[in-house]
Every structure is written in structure tokens, then in C-alpha cells.
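In listed order, ligands and their atoms are each counted from 1. Numbering of residues begins at 1 and proceeds along the displayed sequence.
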Amino acid sequence: MGIRTGDQYIRGLGSRQPEIWLQGRMVTNVCEEAVFRQPIYEIAKLYDMQHDEKYQDKITHICQETGERVNNAFLVAKTPEELQAKRVLYETYAEATFGLMGRTPDFLNVVLTSLYSNASFLERYNPQWAENAKNYYKYVRDQDLFLTHAIINPQNDRSKSSHEQNDAYTHLGAVEETPEGLIVKGAKMLATLAPITDEVIIYSFPGFQPGDERYALAFAIPIDTPGLRIICREPMQDGIRSVYDHPLASRFEEMDALLVFHDVLVPWDRLFLYNNVEAANLLYPKTGIGQQPAHQTGVRGLLKLQFATEVAMRLADSIGVDVYPNVQNHLGELAQSLESVRALLRTAELDYETLPSGELMPGYVQLETIRGLLPKLYPRAIEVIQIIGAGGFLMSPTDSDMEHPDLTEDMEKFYAGRKGISGTDRVRLFKLAWDLCGEAFGQRLLQYERYYTGDPVRKLAIFYNNYKKSHACTMVDDALSVFATKTASQTKQVL
Ligand SMILES: Cc1cc2nc3c(=O)[nH]c(=O)nc-3n(C[C@H](O)[C@H](O)[C@H](O)COP(=O)(O)OP(=O)(O)OC[C@H]3O[C@@H](n4cnc5c(N)ncnc54)[C@H](O)[C@@H]3O)c2cc1C
Ligand SMILES: O=C(O)Cc1ccc(O)c(O)c1
């Protein structure tokens, strides 16, 4: 089939009945549920862009194997141009969503592409797992499916490993093998956008201990597989809030969900890893499923940081405060953060590594540096927006106030900004900024940036340990060598 349209994506959602729990009730038709309507529309727009001649050649290509047009997320980049073609896709989708939707279809499709191109890792443990991963990649590519993922165990007792939890099936684990497949039970967090996806893929970060064998799992199943329960968090918008009052929150909220598996059957041909702690611990570092998507998340993060920086600049300008050096310092800091991330991305693409298969892997150090910086730079950008808007955020009237004839004069006079910024302009801008920096929606965006790639504290420690391995600190040795060649009195003279 190849690239789908938005309508085909929506019809796919409508043809299934996953078990979705939202505010204490089961959702019977996800497409008609107010909370999901606008996010479904935003994702559908991305599918439609694949057919729009303005974007088609930028974000899709002809698959050599099938002759069909498919999304660039499925490209195994073997040349710098192909690496850039993938970046253009990430950029195009992030621009369409202002970087606010973290789990657009390109993210997991890149994960899957990396699993496919590095399936030789799985082959060493079990050739069938490798075959399954490769077939699944082709299935998702050719049907142009949208995946969610859950790779973290629920937050019960973090000081204990999976097999030490109170109940053997708190964390998702294997129960029994049957002729049809593996029965699994337990929970995983935190599946962003799960209710409006086609399939779910389960894998894990390293960290398995001996005794955790039953939890060492990787597989993918349709989102409406019997026994799979999607428990949504409380929505941060009700789906009927006015676009005027909440120009971002009303459009881009990504629902997050806990996935609970009640004796769910994973068909054998959908299993990629099972019952092997060593393989589960090496899956993430050895298959590129962490590093390749870091290119996508880096580009998306850059666009989100750019958006926040632009909002801060516009706010300051709208009320005439960017004449002050303190405000200029805040804004200059954001601009420098933004340009640092942009430069890191450029270098990541230039400093790629060529794997034995010929696949190009964008630079680890640069991408991991972006991952380490974003959890600090984005919250800081939000803080700057809060500092610049100050009390102005708390005087924004509603759509209905702005439209009431008795209030029009006051609205235009007292809500206006500096010369040239009308009351309507200023209120609109402040509402947009408040969605980003004040609303529950904006707080989730911030929490997302802190944790979307795992715990930043442990990630940075892992980065340092890897960095140390490849940095012998030879400059210090050079400097110290002065002591090796001189006697104590000669050294004194040198010093
Ligand atoms: C908005 C949002 C969307 C997300 N979407 C997804 C998704 O789509 N798919 C998905 O799989 N996951 C998703 N996640 C989950 C994300 O992977 C986790 O939040 C992240 O890995 C951190 O894990 P945790 O939240 O369980 O925190 P914990 O691991 O429970 O950490 C809690 C605190 O304890 C500290 N801590 C815990 N353990 C240790 C330790 N061993 N050593 C030192 N300090 C420790 C941490 O530093 C942190 O401060 C999402 C998270 C957010 C916030
Ligand atoms: O970014 C990665 O390396 C993979 C990853 C880690 C934690 C997550 O929550 C997630 O969704 C994806």
C-alpha cells in the first residue's frame, strides 16, 4: 500500500475497538471522543502531507524493494544525503506541530527501522526473532502504521528489580508459552498517544538483573489486542475548549496512558526477544534503537525550543520591555541555547559513524549532548516566558469578553500593547504563551522534555562513563610529562 492519507489513518482507527479507559468509562468510538478529536486531526494532517506535492518529495521516497512510495522514517540511510532526507522529514513534521507533539509517527518508525537494519544482533540469539523484526518493519512500512510504545515499568518500588516487586506480574512479564504464542501479563508505562495509534511496541531500557528473565521481552501487537487495557491519565483539556482561549492546548495535547496486559497473547511471529537478560540489556545499545531516534527527538526538540524562544521574543516586544538589558540578557541566552542545539545537530549529521552494514549513525556525542541539555534548556525557556509576561498572563480575558460589544472599547484600550499592538493582538499572543508556560498542558510539555528520553540524571552518568572511555585525557599526560624528563631542580627552573 505505501503512504496513507489522513482519511485512511482515521478510518483505520474507526475500524478497531481497543479497550480505552478515560475518566472512569470505556471509550466506544475514539474518533468521536472530544478529547481525541483534535489530536487525531493533527496526526491525520501529517499523513496528508505525504500526498501534498509541496512536501511529498521532502518526506517520502520510493522503496527499492516494493516500488511503492513510503515515508522517509523507513529509510536506512547509507549516504549523508539520505541522513539529511530523514532530518528534513523530522523537521517538516515538527514544524507542522511546533515541536509540541513528541510522538508523531516518525519517532517509532525510526526505532523500528533501526531494529530492522540491526537485526543481526537478534539473529545471534535467535534467528526467528530477527526474522520477526524484519517482517514487522516491512509490515509497518507498507501499511504506513502509527505505533505507540511503552518501555518503562510502572513506578511502584524503584529500589527493587522486576522479580522483587510485591507481585510477580506488577511489571509486564511472560506467563506461559502456548502453540499460538506467548501469554504476557502486567503493566508498562507510559504510552503516549496510545488511544489513537494502530499498534504498540514493547521493549526496555537496560537494567535487567539475573532473575528478571520473564520480564526480558520485546514484541509488537495491534492496539486492540484482547486483554490489552489502555488507562488514560486525566485529560488536560476537555476537547471543547475554545481555540481562541487555548490556541495550543486545544490542538496538541498528547494523551499518555498506562498499558495493562491481562493475559495477552503475543503471537510467536510478533516476538523479538524473550527470556534472555543479556540480550535485553544489550538490545538498546546494540541496535541503534536509542541513537537513531535521538536524531528525530533532537530535531523536534530544537523546533520546540525555537518556538518557545520566538514566543518569548514576541512577548517582550509586544509590551515594549525588550529595551531593557536584563530582558535582552534573558532573550540572548535563549537565542544562544537554541543556536547551540542547532549547531550540535549539524555536527551530529557530519560526524556520523558508518556501521559495518553501511548504515550511517548520526554522532553519539552530539545527540546525547542534546538529550542532556534539553531537560535544562527547555524549562529555562519556559521560565523566561513566565518572567517576561509577568502579571500580564493573569489579566487575559476570554473569547466571550473580547466579543461583547459593551467591553470592546475597554479591551482595545487597556489590553493593547506598545504602539502598533492592538488589544486583540496582545491578548492572543499572551494566551498562546500561557498555554505554553502556565496551563497544565504546558506543564506536561515541560515534564515531557525532562523525561522523554529517560531519567536525565542516569542518562548523563551513562554518557560520562562512555565519554571517559574514549577520552584518555592525554593533554594532562603531556603536561605532566615535564616531571618525567627533568630532575627536581630542573623542573623548578622550567616552572
Ligand atoms: C510526558 C511524558 C511522556 C512520556 N512518554 C513515554 C512514552 O511514550 N513511552 C514510554 O515508554 N515512556 C514514556 N515516558 C516515560 C519516561 O520514559 C519516564 O518518565 C522516564 O524514563 C523516567 O522514568 P520515571 O518517570 O519512571 O522516573 P523514575 O525512574 O521513577 O525516577 C524518579 C526519580 O527518582 C530518581 N531515581 C530513580 N531511580 C534511580 C536510580 N536507580 N538512580 C538514581 N536516581 C534514581 C530519578 O532521578 C528521578 O528523580 C514519558 C514520560 C513523560 C513525563
Ligand atoms: O529516547 C530513547 O532513547 C528511548 C526512549 C527512552 C525513554 C522514553 O520514555 C522513550 O519514550 C524513549
Give me the nearest non-hydrogen protein atom to [atom] as residue plus atom name, then the distance to 0.1 Å.
| atom | answer |
| --- | --- |
| atom 8 (C) of ligand 2 | Tyr452 O, 2.9 Å |
| atom 6 (C) of ligand 2 | Phe205 CZ, 3.1 Å |
| atom 47 (O) of ligand 1 | Asp455 OD2, 2.7 Å |
| atom 23 (O) of ligand 1 | Ile152 CG2, 4.4 Å |
| atom 21 (O) of ligand 1 | Gly454 CA, 3.1 Å |
| atom 5 (N) of ligand 1 | Thr192 OG1, 2.7 Å |
| atom 16 (C) of ligand 1 | Tyr451 O, 3.4 Å |
| atom 27 (O) of ligand 1 | Gln155 NE2, 3.6 Å |
| atom 25 (O) of ligand 1 | Met189 CE, 3.8 Å |
| atom 1 (O) of ligand 2 | Thr453 OG1, 2.9 Å |

Does [X] have a heavy atom less than 4.0 Å from any atom of ligand 2?
| X | result |
| --- | --- |
| Ile151 | yes |
| Arg103 | yes |
| Gly454 | yes |

N or O pair under 3.5 Å between [X] and ligand 1:
| X | value |
| --- | --- |
| Val457 | no |
| Asn153 | no |
| Gln447 | no |

Tell me whether the guanidinium CZ or amine NZ of Lys304 lies under 6.0 angstrom from the six-membered ring centre of Tyr378 and within 45° of its axis. yes
Mark yes or no: Arg300 above the aromatic ring of Tyr452, with NZ or CZ under 6.0 Å from the six-membered ring centre and no more than 45 degrees from the axis. yes
Only heavy atoms count here, so choose which of [options] is nearest to [atom].
| atom | options | result |
| --- | --- | --- |
| atom 41 (N) of ligand 1 | Lys188, His149, Arg458 | Arg458 |
| atom 3 (O) of ligand 2 | Phe107, Tyr284, Tyr448, Tyr203 | Tyr284 |
| atom 15 (C) of ligand 1 | Thr453, Leu259, Leu190, Ile202 | Leu190 |

Determine, using ring centers only, whether [Y] and [X] are less than 6.0 Å apart.
| X | Y | result |
| --- | --- | --- |
| His61 | Phe74 | no |
| Trp434 | Phe393 | yes |
| Tyr9 | Tyr47 | yes |
| Tyr284 | Phe205 | yes |
| Phe252 | Phe441 | no |

Regarding [X] and [Y], does a basic nitrogen lie under 4.0 Å from an acidic carboxylate oxygen?
| X | Y | answer |
| --- | --- | --- |
| Arg37 | Glu32 | no |
| Arg270 | Glu199 | yes |
| Lys376 | Glu449 | no |
| Lys86 | Asp106 | no |

Search all heavy atoms of Val30 against all heavy atoms of Ile20 and return the closest pair with its distance. CG2-CD1, 3.9 Å
Distance below 4.0 Å between atom 8 (O) of ligand 1 and any protein heavy atom? yes
Any protein heavy atom nearer than 4.0 Å to atom 45 (C) of ligand 1: yes
In terms of atom number and element, which parts of ligand 1 are under 4.0 angstrom from non-hydrogen atoms of Ile151? 10 (C), 11 (O)
Pull out every atom of ligand 1 sitting under 4.0 Å from any heavy atom of Asp256, numbered as shown with elements. 3 (C)
Over 60° means perpendicular and under 30° means parallel, so tell me whether His171 and Tyr215 are parallel, tilted or perpendicular. perpendicular
Quick one: look at Arg158 and ligand 1, take heavy-atom pairs under 4.0 Å, and tell me if it's side chain, backbone, both or neither. side chain
Kindly indicate, with the supporting measurements, whether the criterion side chain to side chain contact (heavy atoms under 4.5 Å, CB included) is fulfilled by Val184 and Ile202. CA-CA 11 Å; Val184 297; Ile202 300 292; over 6 Å; no
Contact atoms of ligand 2, heavy-atom distance to His149 under 4.0 Å: 10 (C), 11 (O), 12 (C)
